[in-house]
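Quantities reported herein were computed from a predicted structural model and do not represent experimental measurements. Letters A, B, ... are given to chains in the order of the sequence lines, protein chains preceding strands, and every chain is numbered from 1.
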2 protein chains.
Amino acid sequence: MARRSPASESDRAEDMDARKAAVLAAVVKEHIDTAHPVGSQTVRDTAGINVSPATIRSELVALERSGYLQQPHTSAGRVPTEKGYRHFVDSLERGKLSTPKVQQLHSFIGTFQGEMKAMYEQITAKLADVTRYPAVIVGPGPGHGNATVRDAHLVDFDSRRILVVVTLSDMDVQKKVVNLDFDVTTDDVVIASAQLRALVLGTTLGDRIEVPALNTPVAKLVRRAAESLFDDTAQLDGEQVFVGGASKVADSFDTMESARQVLDVLEKQLVIVSLFKDLLQKGASVAIGSEHGYAPLAECAVVVAPLTIDGQNAGAVGLLGPTRMKYAEAIAAADVVSEQLTERLSSETHHG
Amino acid sequence: MARRSPASESDRAEDMDARKAAVLAAVVKEHIDTAHPVGSQTVRDTAGINVSPATIRSELVALERSGYLQQPHTSAGRVPTEKGYRHFVDSLERGKLSTPKVQQLHSFIGTFQGEMKAMYEQITAKLADVTRYPAVIVGPGPGHGNATVRDAHLVDFDSRRILVVVTLSDMDVQKKVVNLDFDVTTDDVVIASAQLRALVLGTTLGDRIEVPALNTPVAKLVRRAAESLFDDTAQLDGEQVFVGGASKVADSFDTMESARQVLDVLEKQLVIVSLFKDLLQKGASVAIGSEHGYAPLAECAVVVAPLTIDGQNAGAVGLLGPTRMKYAEAIAAADVVSEQLTERLSSETHHG
DNA sequence: TCTGGCACTCAATCCTACCGAGTGCCAGTT
DNA sequence: AACTGGCACTCGGTAGGATTGAGTGCCAGA
């Protein structure tokens with residue numbers, strides 16, 4: 001049967017000449033648009049290749065043999081496999097695709113005024129609106145970023161429960177409860193508050209502060225308070241996850257079951273955050289189907305783009321869609337948001 | 001045709017004797033359980049009435065004539081109309097229905113420890129989990145409630161932008177930006193901060209404070225800051241809306257379109273809030289179908305229960321479901337959350 | 001007032017036939 | 001060797017037609 005080269009089952013680069021690539025691209029594009037299997041006829045027309053359908057067919061057979069395509073059943077057209085989508089996405093030239101939609105998004109972010117939280121909310125909504133996919137933005141946790149401390153206070157609620165209140169240069173306010181294992185007086189707290197303020201003023205929440213290890217109640221309180229602030233693990237208000245366009249799942253997914261699972265994931269924000277982190281760590285910007293190894297999203301595609309502050313990962317922008325999602329558009333949109341937001345994050349935190 | 005009483009089209013109380021009520025209840029219950037039209041046979045069995053199906057049938061005809069039931073088509077069983085559901089719900093005895101589920105909810109709230117925001121989030125999730133319907137809790141805005149001010153500070157970002165930071169007795173921290181139309185120095189701000197603190201300490205955010213109308217920058221700043229705090233319309237962080245179990249829409253609604261619309265509403269939190277407020281104002285706890293007049297939710301039922309602080313409306317607990325939702329359970333669950341949370345709200349704010 | 005009996009209705013289900021998009025294969029052409 | 005036109009074949013989707021059965025309305029009789 002395999003007449004040409006007996007070991008061509010594998011996926012070395014040679015199994016993909018220019019025309020095969022064109023055919024594959026045509027199939028993927030068409031399937032993304034129509035959700036139907038794509039036949040040789042259609043490929044000929046849409047790919048602009050001047051060969052007969054029969055020739056296309058032999059290419060299709062080859063592509064299927066190498067695992068890029070599959071047939072739902074005999075006498076149906078072809079549908080991309082995960083591998084097919086992957087090839088398509090990889091060969092997508094990353095040149096700033098600039099559709100009107102994406103530009104709209106760009107200017108929306110550029111002109112945005114207001115508080116951070118509202119900004120994230122609105123941008124997430126806009127991103128979902130533009131792409132028609134549910135969107136997620138994982139905002140930088142307060143521990144990250146280079147917002148500096150503008151003010152700090154301690155407020156005592158009883159002799160062992162103290163609240164640390166910190167105002168940051170980006171006009172954000174953070175609080176943190178400190179539970180002591182010894183008693184302090186209100187006077188202690190007032191003194192400690194002033195000391196803490198002097199210590200942390202102008203620092204970044206990422207910085208670790210040296211606190212003299214004295215044994216007076218005041219000194220211990222100051223140390224505990226400072227520690228609580230710079231403690232990575234027990235994040236202050238935690239990473240902020242913004243979800244927008246959840247109702248878009250109804251547009252993108254056709255079975256209730258798949259919609260259900262996507263909604264479920266959107267609710268479990270921990271899952272989303274770690275999924276995004278995983279992908280970004282791998283340097284991936286798109287995960288197709290089972291690539292990310294998370295079963296409930298096996299029929300989905302995830303597009304992510306990083307949010308960075310001073311080159312450090314500080315969050316993510318993501319879109320969820322079906323495997324046949326509009327990758328080019330989605331990637332472009334996520335990238336725009338990522339860039340604009342990253343830019344804004346560094347400028348925001350400096351002019352304070 | 002109408003042999004008995006010619007003017008019986010209307011819905012006066014007499015058109016509903018005990019047996020009719022039983023039949024109606026049986027139809028509603030069965031339809032809620034099965035989602036199928038209910039026939040005379042089934043009614044006989046489930047309602048425990050010892051009459052023949054033929055007799056039931058005549059009752060069904062009467063109930064249909066009065067508008068409580070309707071037939072999807074000839075030779076199908078009956079399905080409740082909105083009016084039918086309404087009667088059913090109204091006749092539901094409001095005695096604390098106490099299923100294991102509801103008790104579980106009760107104890108969950110009772111034993112909950114932690115911050116308010118996390119509490120609302122988790123309770124909303126739990127409520128959705130128990131009822132299997134998407135749940136919404138509208139938390140009391142910071143303007144409401146009787147949490148008192150424990151501390152207050154002003155932080156200047158530039159000579160016209162000042163941040164007001166207020167720590168409340170429930171360990172919540174609120175912030176508010178004040179934009180001035182005159183310049184102040186950092187020294188002014190320090191002084192104003194102390195004055196503001198003295199003024200508002202121990203007050204409730206609902207109270208209005210008298211501030212001497214002097215014309216020095218400091219006095220004006222203090223007045224502006226105080227006003228911003230007690231300004232109802234420009235709420236501090238706004239009412240907090242918590243949505244849980246959005247993925248439950250996939251269980252409760254059968255068409256993508258209806259699911260879509262519910263998800264849409266859940267996203268538009270303003271709509272939810274005003275819907276809940278409307279219902280509570282009317283004293284309603286259940287809105288069925290088009291009763292609330294909000295078109296996108298015309299095929300839904302809404303169950304609400306108030307959250308009160310000192311007898312004042314301070315929020316709401318709500319569940320969204322199909323018109324054939326499990327009213328008894330949903331109402332019981334919403335009520336439990338409402339009670340427990342109301343209780344907790346008043347105790348929380350006093351022991352501070 | 002209730003009941004059993006009966007003819008009737010109509011959605012749902014199943015079967016069948018048919019259509020047509022699309023295939024694989026092959027012999028013939030360039 | 002690569003491409004093409006031709007052809008038989010496959011099989012999901014659709015449309016018609018018969019069947020089923022749950023449920024009805026009506027009525028005459030208890």
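Note on K29(B) versus D33(B): no salt bridge recorded, every NZ/NE/NH1/NH2 to OD/OE distance being 4.0 Å or above. Checked for salt-bridge contact, D278(B) and K282(B) miss the test: no charged N lies under 4.0 Å from a carboxylate O. Salt-bridge formation is detected for the pair D129(A)/K248(A): a Lys NZ or Arg NE/NH1/NH2 atom is positioned less than 4.0 Å from an Asp or Glu carboxylate oxygen.
Here the side chain of Y68(B) pairs no donor or acceptor atom with the backbone of Y85(B) at under 3.5 angstrom. Judged by distance alone, the side chain of E291(A) and the main-chain N or O of I288(A) form a donor-acceptor pair under 3.5 Å. Checking side-chain atoms of H31(A) against main-chain N and O of H36(A) turns up a donor-acceptor pair under 3.5 Å. In this structure, Q71(B) contributes its side chain and A76(B) its backbone to a donor-acceptor pair below 3.5 Å. Counting only distance, with no hydrogens or angles, the side chain of E82(B) and the backbone of S290(B) share a donor-acceptor pair below 3.5 Å. Judged by distance alone, with hydrogens and angles left aside, the side-chain atoms of T131(A) form a donor-acceptor pair with the main-chain N or O of L127(A) at under 3.5 Å.
A straight line from CZ of R44(A) to C1' of dT4(D) spans 11 Å, rounded to a whole angstrom. Taking atom CD of residue Q71(B) and atom P of nucleotide dA22(D), one finds them 17 Å apart after rounding to whole Å. In this entry the distance linking CG of L60(A) with P of dA21(C) reads 17 Å, nearest Å. One can place CZ of R65(A) at 15 Å from P of dT23(C), the figure rounded to the nearest angstrom. The distance between atom CZ of R19(A) and atom P of dA1(D), rounded to the nearest whole Å, is 16 Å. Rounded to a whole Å, the CD1 atom of I49(A) is 11 Å from the P atom of dT4(D). Rounded to whole Å, atom C1' of dT23(C) lies 16 Å from atom CD of E59(A). Spacing between atom CG of D45(A) and atom P of dA21(C) amounts to 13 Å, rounded to whole angstrom units.
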Contact pattern, 5' to 3', of nucleotides 3-9 of chain C - B, S or - by protein heavy atom under 4.0 Å | BBB---B
Filtered N/O pairs between nucleotides 12-18 of chain C and protein, under 3.5 Å:
none

Measure all distances between protein nitrogen or oxygen atoms and nitrogen or oxygen atoms of nucleotides 27-30 of chain C, and list the pairs falling under 3.5 Å.
none

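Residues from residues 24-41 of chain B lying near DNA chain D, meaning a heavy-atom separation below 4.0 Å, are G39(B), S40(B) in numerical order.
In this model, no donor atom of one side chain and acceptor atom of the other lie less than 3.5 Å apart for S58(A) and T55(A).
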Would L320(B) and V303(B) satisfy side-chain contact (heavy atoms from CB on, under 4.5 Å), going step by step from the backbone distance to the final call?
-> CA-CA 7 Å; L320(B) 284 179; V303(B) 171; over 6 Å; no
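Considering only residues two or more places apart in sequence or on other chains, Q103(B) meets the side-chain hydrogen bond (donor to acceptor under 3.5 Å, both in side chains) condition with S98(B).
For residues 38-50 of chain A, the set of pairs meeting the side-chain hydrogen bond (donor to acceptor under 3.5 Å, both in side chains) definition, not counting sequence neighbours, comprises S40(A)-R57(A).
Between R78(B) and dG25(D) there is a side-chain polar atom (N or O) within less than 4.0 angstrom of OP1 or OP2.
Tested against S247(B), the residues E267(A), R260(A), Q261(A) include a single side chain to side chain donor-acceptor pair (under 3.5 Å) partner, E267(A).
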